[in-house]
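What follows is one structure encoded as C-alpha cells, with my remarks underneath.
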Amino acid sequence: MFNLVLNNDSITLEHLKNFDLSQTLDCGQCFRWKKSGDNSYKGIVNKKVITATQVDDNLILNVNKEEFHKFWIKYFDLETDYEKICNDFKKINPILKSACEKFSGIRILRQDPWETICSFIISQNNNIPRIKKIIERLCVLFGDKISEDEYSFPRAETISKLSVDDLSPIKSGFRAKYILDAAQKIESNSVDLEYIKSCDFLEAKNILMTINGVGPKVADCVLLYGFHRLEAFPMDVWMKKISDKFLPNELIEFLGKNRGIAQQYLYHYARTNPEILK
C-alpha cells in the first residue's frame, strides 16, 4: 500500500495510492484542520496537534512510528483498499465513474464519535467557515489546553453540566440546546456510543435520532464520519439533486456496504461542478 520511512521527528508514507490530503480534509467531513502551507495542514485530533504535508504521492506526518500504527493509520483509513472500491464503483454508473476519477483521493476519516455528533449538530443550516469558527470557540472555552493557543475538543461530561446561557459565547444559536441534549444523553448513557459501533445500522440511526435536533441526515453523517459505518448515505440538498437526476433508490442500495464512500465522491463532485445538475 505504501512504504513507511522514518525521519528524525516525523514519518513519510511513500507511494500512497488513492489519497489526497486536501480532498480528504476539505470535503466537509471534518472541521479542525486548517491549511498551513501550499501542501500542508495543521490539525487537532485526539488531543494532539499534528501537521500533515503531501508532496505528490508522499504523505509526511509529524508523528513517530508507534503513534502512527496505534492511531493515525486508522484515522486516515489507510488499511482500506480504496483503489479496488473505486474500480468497482466506476463500473456502476457514468456519473459515479466521473466522480471517482476526479476525487478518488478522498478517505473517510475515523473521527471521535462525540466530536462528530457535536460538529454535525452545529453544521445544520450552516456553512463550513462558520461551523469551524463555532467549534473553535467551543474548544477554546471548554476544551483542555494543549499548547499556547491550541485546545482539545471538550468532553461530553464537561458540556453536559452547562446551560444554554453558558454556550451563548460560541454563537451557535438554536443549536445550543441540541448540543446540550447530546452531551447529557451521552453522559447518562441513554445514547451508548460503544453499542452504536456494533449494533444493527437502522437501530444505530434510530438511537442517534433520539437526540433532539438530530434527523436522518445528521445521523447518517455521524454514522459515516464518527463510527465508520460505510453503509450510511447522508442525503442533503446536493445529494438529493444528484439522486433525482442520476441515482434511483435501487442503485443507491446496489452500491452496497461502501456506499458512504460513493456518497462522499458524488457530494464533492456536485459541490465543485454544480453545472452537472442543471
- Task: Please lay out, stage by stage, how Y195 and E203 fare under the test side chain to side chain donor-acceptor pair (under 3.5 Å).
- Result: CA-CA 10 Å; Y195 182 68; E203 183 182 4; 2.8 Å; yes

Specify the closest pair of heavy atoms between [X] and [Y], including all atoms of both residues, with the distance to one decimal.
X	Y	answer
Y265	C100	CD1-SG, 3.6 Å
I186	A156	CG2-CB, 4.1 Å
I128	G28	CD1-CA, 3.9 Å
S119	F153	OG-CE1, 4.2 Å
Q23	G105	OE1-N, 3.1 Å
F120	V218	O-CG2, 3.7 Å

Mind checking whether [X] and [Y] have side chains closer than 4.5 Å, heavy atoms only?
X	Y	result
T116	C221	no
M235	S243	yes
L141	I170	yes
Q264	F103	no
F89	L255	yes
K42	I50	no
I108	Q29	yes
I276	I95	yes

- Message: If the threshold is 4.0 Å, N to carboxylate O, is there a salt bridge linking E136 and K34?
- Response: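 Salt bridge flag = yes for K34 with E136.
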
- Message: Looking at R229 and A204, would you say the former's side chain and the latter's main chain have a donor-acceptor pair under 3.5 Å?
- Response: no

- Message: Treating Q111 as the side-chain partner and V222 as the backbone partner, does any N or O pair qualify as donor plus acceptor under 3.5 Å?
- Response: no

- Any residue meeting salt bridge (charged side-chain N to carboxylate O under 4.0 Å, His left out) with D77, in chain and number order, not counting sequence neighbours: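 If we apply the salt bridge (charged side-chain N to carboxylate O under 4.0 Å, His left out) test to D77, skipping adjacent residues, the hits are R110.
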
- Item | salt bridge (charged side-chain N to carboxylate O under 4.0 Å, His left out) against E79, all qualifying residues, sequence neighbours excluded | K74

Is it true that [X] and [Y] fall in one hydrophobic cluster, defined by side-chain heavy atoms closer than 4.5 Å?
X	Y	answer
L202	I117	yes
L224	F233	yes
I159	V164	yes
V140	I179	no

- Using 30° and 60° as the class limits, which term best fits the ring planes of F174 and Y178: parallel, tilted or perpendicular? perpendicular

Qualifying side-chain hydrogen bond (donor to acceptor under 3.5 Å, both in side chains) pairs with a residue from [range], counting only residues at least two apart or across chains:
range	result
residues 154-174	S163-D166
residues 83-109	K84-D88, K97-E101, K102-N273
residues 185-194	D181-K185, S188-S190, E194-K197
residues 48-71	S40-T53

- Task: Applying side chain to side chain contact (heavy atoms under 4.5 Å, CB included), name anything that partners L277, two or more places apart in sequence or on another chain.
- Result: W238, K241, I242, F246, A270

- Message: According to side chain to side chain contact (heavy atoms under 4.5 Å, CB included), who are the partners of K205, at least two apart in sequence or on a separate chain?
- Response: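 Once residues adjacent in sequence are excluded, the partners of K205 under the side chain to side chain contact (heavy atoms under 4.5 Å, CB included) criterion are F201, M209, P216, A219, D220, L223.
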
- Query: Can you list the residues that meet the ring pair (Phe, Tyr, Trp, His ring centres under 6.0 Å) rule with F254, with sequence neighbours excluded?
  - Reply: none

- Query: Got a sec, which hydrophobics cluster with I44, joining ILVMFWY side chains under 4.5 Å apart, including via others?
  - Reply: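 Members besides I44, by chain and number: V49, I146.
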
- Do the side-chain N and O atoms of N7 and S10 include a donor-acceptor pair separated by under 3.5 angstrom? yes

- Query: If you draw a 6.0 Å radius around CG in D38, do more than 12 non-hydrogen atoms from other residues or ligands fall strictly inside?
  - Reply: no

- Any salt bridge (Lys or Arg N to Asp or Glu O under 4.0 Å) involving residues 138-149? Give me the pairs, sequence neighbours left out, ordered by first then second residue.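 Salt bridge (Lys or Arg N to Asp or Glu O under 4.0 Å) check on residues 138-149 returns K47-D144.
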
- Message: Holding to side-chain hydrogen bond (donor to acceptor under 3.5 Å, both in side chains), I want the full list of residues that pass it with Y41, two or more places apart in sequence or in another chain.
- Response: D26

- Message: Working note: D112 + Y225, criterion side-chain contact (heavy atoms from CB on, under 4.5 Å); need CA distance, chi angles, decisive distance, verdict.
- Response: CA-CA 8 Å; D112 175 74; Y225 309 130; over 6 Å; no

- Note on the structure: Distance col, row F2:CZ vs L13:CG, nearest 0.5 angstrom, shows 4.5 Å

